[in-house]
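Have a look at the structure below, then the notes.
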Amino acid sequence: KGGAGLVFTEMTCTSAQGRITPGCPGLYAPEHEAAWARIVDFVHSETTAKICCQIGHAGRKGSTLPPAQGGQPLKPEEGAWETLGPSPIPFGEGWHIPREMSKAELKQTTDDFVSAVKRAERIGYDLVEIHGGHGYLLNQFLSPLANQRKDEYGGSLENRMRYPLEV
């Protein structure tokens with residue numbers, strides 16, 4: 001067997017809406033589970049390495065072209081999808097204006113994270129990491145620039161931390 005170590009996936013999206021680009025990997029459908037299981041089984045059969053699935057949601061930074069194609073927001077004719085965020089504040093000039101997440105969407109997104117973890121467990125991942133950085137959804141809730149909500153998920157640092165901690 002190959003050497004020991006720890007192998008991480010890149011961010012694996014918890015829903016189609018949570019993708020960064022159309023080609024981002026996901027862990028929200030049965031076919032994803034089957035494909036990832038083949039990879040995890042291969043790593044375990046050929047090495048002593050542990051494998052970690054990093055899961056996340058792009059939030060307002062989603063619906064973009066891949067970085068090699070410029071990384072700019074997709075246009076409708078390119079297959080753009082509606083993005084979600086803590087507040088309707090775009091990531092930058094010319095970016096999609098995300099829809100402020102409703103309480104139902106917050107719950108659904110949390111459920112999507114839970115479902116992805118359950119899939120990762122069934123697949124045989126050794127670890128799961130929740131991606132909370134790089135300006136993606138959970139990080140957006142922490143930022144007073146991206147999160148200007150007036151409910152229990154906005155305002156003070158304690159309130160802005162509420163949703164990431166719930167997830």
Look at the side-chain heavy atoms of Ile, Leu, Val, Met, Phe, Trp and Tyr, link any pair under 4.5 Å apart, and say whether [X] and [Y] land in one connected group.
{"X": "I20", "Y": "L74", "answer": "no"}
{"X": "I123", "Y": "V7", "answer": "yes"}
{"X": "I89", "Y": "M101", "answer": "no"}
{"X": "F113", "Y": "L106", "answer": "yes"}
{"X": "Y28", "Y": "I55", "answer": "no"}

Summary of ring pair (Phe, Tyr, Trp, His ring centres under 6.0 Å) pairs that have at least one residue in residues 49-96, sequence neighbours excluded: F91-W95

Which atom pair, heavy atoms only, marks the closest approach of [X] to [Y]?
{"X": "C24", "Y": "C13", "answer": "CB-SG, 4.0 Å"}
{"X": "D112", "Y": "T14", "answer": "CB-O, 3.5 Å"}
{"X": "A80", "Y": "S63", "answer": "CA-OG, 3.3 Å"}
{"X": "Q148", "Y": "L145", "answer": "NE2-O, 3.5 Å"}
{"X": "V167", "Y": "T110", "answer": "CG2-OG1, 3.7 Å"}
{"X": "P164", "Y": "L142", "answer": "CG-CD2, 4.1 Å"}

Would one find more than 12 heavy atoms of other residues, nucleotides or ligands at under 6.0 Å from atom [atom1] of [X]?
{"X": "E77", "atom1": "CD", "answer": "yes"}
{"X": "I97", "atom1": "CD1", "answer": "no"}
{"X": "E158", "atom1": "CD", "answer": "no"}

F8 and I51, any side-chain heavy atoms less than 4.5 Å apart: no

Under the salt bridge (Lys or Arg N to Asp or Glu O under 4.0 Å) rule, collect the residues that match up with [X], sequence neighbours excluded.
{"X": "R160", "result": "none"}
{"X": "K50", "result": "none"}
{"X": "K103", "result": "E152"}
{"X": "D41", "result": "none"}

[X] side chain to [Y] main-chain N or O, any donor-acceptor pair under 3.5 Å?
{"X": "E46", "Y": "V43", "answer": "no"}
{"X": "Q140", "Y": "P86", "answer": "no"}
{"X": "T12", "Y": "E10", "answer": "yes"}
{"X": "N139", "Y": "G133", "answer": "no"}
{"X": "W36", "Y": "G26", "answer": "yes"}

Candidate pair L6 and L127, rule side-chain contact (heavy atoms from CB on, under 4.5 Å), full reasoning: CA-CA 10 Å; L6 180 59; L127 302 162; 3.5 Å; yes

Just how far is it from atom [atom1] of [X] to atom [atom2] of [Y], taken to the nearest 0.5 Å?
{"X": "K107", "Y": "E166", "atom1": "NZ", "atom2": "CD", "result": "10.5 Å"}
{"X": "Q69", "Y": "T64", "atom1": "CD", "atom2": "OG1", "result": "9.5 Å"}
{"X": "I130", "Y": "C53", "atom1": "CD1", "atom2": "SG", "result": "11.0 Å"}
{"X": "R60", "Y": "S143", "atom1": "CZ", "atom2": "OG", "result": "6.5 Å"}

All pairs passing side-chain hydrogen bond (donor to acceptor under 3.5 Å, both in side chains) where residues 115-137 contributes a residue, at least two apart: E33-R119, E33-R122, H44-D126, Q54-E129

Parallel, tilted or perpendicular, as decided by the 30° and 60° cut-offs, for the rings of Y153 and F141: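 Aromatic pair F141/Y153 classed perpendicular.
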
